[in-house]
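Only heavy atoms go into these numbers, but all of them, side chains included; no hydrogens, no water, no symmetry mates.
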Amino acid sequence: MRVIGGGLKGTRLNPLKGLTLRPTLDRVRESLFNIVGGGIEGARVLDLFAGTGAVGIEALSRGAQRVVFVESNPRVRDLLQNNLQKCRLTGPDADAAGWTLLATTARQAIDRLARQGEVFDWVYVDPPFDADLYGETLKALAESGILAPEAEVVAEHFHKTALAENYVRLKKRETRRTGDTCLSFFYLEDG
C-alpha cells in the first residue's frame with residue numbers, strides 16, 4: 001500500500017496485521033482519483049470508515065484543503081495515526097496539515113459534524129463489506145446538511161452488493177467496477 005500521487009507520492013503505508021481490515025487497494029484508489037481528477041484540490045473531504053487512512057491521506061497528498069477521518073476501532077485508529085506520522089502529517093504542525101481524526105462511528109460523526117456546521121465537498125464511504133451500513137450512512141449524509149451543494153459522495157462496495165439509485169436527496173450518477181470492487185458516485189439531487 002502506497003500513496004499514488006501528489007506531494008506524498010511513493011510513501012508506503014502500513015497495513016494492520018491480525019485484523020480483518022480490507023484497505024482500499026492501490027488500483028482502486030488510482031481509479032478513484034483518476035475519475036475525480038483535479039476536483040480534490042482545495043476540497044473539504046470526509047473519509048468515513050477511514051481504516052488505514054489511505055484514501056484521506058491520498059486526498060491530502062493531492063491538495064485537499066482538509067480531511068476529517070472517522071474511525072471507531074482503537075487499534076485501527078492507532079494504525080491511521082502511524083500512517084499520518086509516516087507521511088509527516090503530525091506533530092506541532094498537524095493543524096496546518098489540515099486533518100482531524102474522530103474516534104466515533106460514522107453516524108455519530110455525521111451528527112456531530114452537522115451540529116458544528118461543517119460542510120464537505122467530497123465524502124468517501126467504505127464500511128466493512130459484510131456490514132449493512134450503506135443505506136443507513138448514505139441516508140444520514142443526505143439528510144445531514146453537511147454536503148456542499150455540488151458535493152460528491154463515493155461509496156466503495158463489493159460488486160455483488162447493489163446500492164439503491166437514490167437515498168433521499170442523494171442520486172447515483174454512475175458505478176465503476178475495478179476487479180471485485182465497485183465505486184458508486186452520488187450527488188445531491190437539488191445541489
Side-chain angles (χ1 to χ4, degrees), residues 1-6 9 13 21-71 105-107 109-110 113-114 118-191:
M1 228 177 25
R2 62 187 169 78
V3 179
I4 297 164
K9 182 178 180 178
L13 302 176
L21 185 67
R22 178 197 41 78
T24 300
L25 299 173
D26 287 359
R27 69 175 187 233
V28 174
R29 274 186 290 115
E30 185 168 21
S31 176
L32 169 67
F33 284 96
N34 284 341
I35 294 166
V36 173
I40 206 72
E41 193 167 332
R44 297 159 296 179
V45 175
L46 177 58
D47 186 359
L48 292 172
F49 311 95
T52 64
V55 171
I57 290 170
E58 188 78 41
L60 286 169
S61 179
R62 293 171 183 252
Q65 174 188 338
R66 179 166 184 258
V67 174
V68 174
F69 298 94
V70 177
E71 180 53 58
T105 67
R107 179 58 200 239
I110 291 167
L113 294 166
E118 296 270 5
V119 178
F120 296 92
D121 305 300
W122 198 77
V123 180
Y124 198 71
V125 178
D126 183 17
F129 279 1
D130 59 351
D132 187 22
L133 297 172
Y134 292 100
E136 169 189 327
T137 304
L138 292 167
K139 184 178 179 207
L141 282 168
E143 295 172 334
S144 68
I146 67 170
L147 299 177
E150 302 297 320
E152 185 160 46
V153 176
V154 183
E156 178 181 333
H157 57 98
F158 186 59
H159 71 96
K160 291 183 179 180
T161 302
L163 299 184
E165 289 300 310
N166 54 36
Y167 295 91
V168 189
R169 297 172 39 223
L170 274 179
K171 292 191 73 82
K172 190 188 310 177
R173 175 177 294 124
E174 67 177 312
T175 297
R176 302 266 185 106
R177 183 172 171 180
T178 303
D180 285 344
T181 302
C182 285
L183 298 172
S184 289
F185 295 81
F186 293 85
Y187 66 97
L188 281 174
E189 187 172 30
D190 52 354

Where is the tightest heavy-atom contact between [X] and [Y], given as atom of each residue plus distance?
{"X": "Gly53", "Y": "Phe69", "value": "O-CE2, 3.7 Å"}
{"X": "Lys9", "Y": "Ile4", "value": "CG-O, 3.2 Å"}
{"X": "Val119", "Y": "Gly145", "value": "CG2-O, 4.5 Å"}
{"X": "Ser144", "Y": "Ala114", "value": "O-CB, 3.5 Å"}
{"X": "Ser61", "Y": "Val3", "value": "OG-CG1, 3.6 Å"}

For the [atom1] atom of [X] and the [atom2] atom of [Y], what is their distance to the nearest 0.5 Å?
{"X": "Thr181", "Y": "Asp126", "atom1": "OG1", "atom2": "CG", "result": "8.5 Å"}
{"X": "Phe185", "Y": "Arg173", "atom1": "CZ", "atom2": "CZ", "result": "9.0 Å"}
{"X": "Ile35", "Y": "Glu30", "atom1": "CD1", "atom2": "CD", "result": "11.0 Å"}
{"X": "Ile40", "Y": "Gln65", "atom1": "CD1", "atom2": "CD", "result": "11.5 Å"}
{"X": "Leu147", "Y": "Arg169", "atom1": "CG", "atom2": "CZ", "result": "7.5 Å"}

Excluding sequence neighbours, so at least two apart, what forms side-chain hydrogen bond (donor to acceptor under 3.5 Å, both in side chains) with [X]?
{"X": "Thr178", "answer": "none"}
{"X": "Arg2", "answer": "none"}
{"X": "Thr175", "answer": "Ser184"}

For this session: Give every residue pair that meets the side chain to side chain donor-acceptor pair (under 3.5 Å) criterion with at least one member in residues 33-50, sequence neighbours excluded.
Result: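 Residue pairs passing side chain to side chain donor-acceptor pair (under 3.5 Å), neighbours aside: Arg44-Asp121.
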For this session: Only counting residues at least two apart or in another chain, list the ones meeting ring-ring contact (aromatic ring centres under 6.0 Å, His included) with Phe186.
Result: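 With neighbours one apart ignored, the set is Tyr167.
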For this session: Check ring-ring contact (aromatic ring centres under 6.0 Å, His included) between Phe33 and all other residues, then give those that pass, not counting sequence neighbours.
Result: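 Residues passing ring-ring contact (aromatic ring centres under 6.0 Å, His included) with Phe33: Trp122.
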Flag side-chain contact, heavy atom, 4.5 Å: [X] against [Y]:
{"X": "Leu141", "Y": "Leu48", "value": "yes"}
{"X": "Leu188", "Y": "Leu170", "value": "yes"}
{"X": "Val70", "Y": "Tyr124", "value": "no"}
{"X": "Ile110", "Y": "Thr137", "value": "yes"}
{"X": "Asn166", "Y": "Glu189", "value": "no"}

[X]: partners by side chain to side chain contact (heavy atoms under 4.5 Å, CB included), with sequence neighbours left out:
{"X": "Glu165", "value": "Lys172"}
{"X": "Lys139", "value": "Glu143, Val168"}
{"X": "Asp180", "value": "Phe158, His159, Arg177"}

Exercise. Which salt bridge (charged side-chain N to carboxylate O under 4.0 Å, His left out) pairs, counting each pair once, include a residue from residues 51-61, with sequence neighbours left out?
Worked result: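 Sorted pair list: Arg29-Glu58, Glu58-Arg62.
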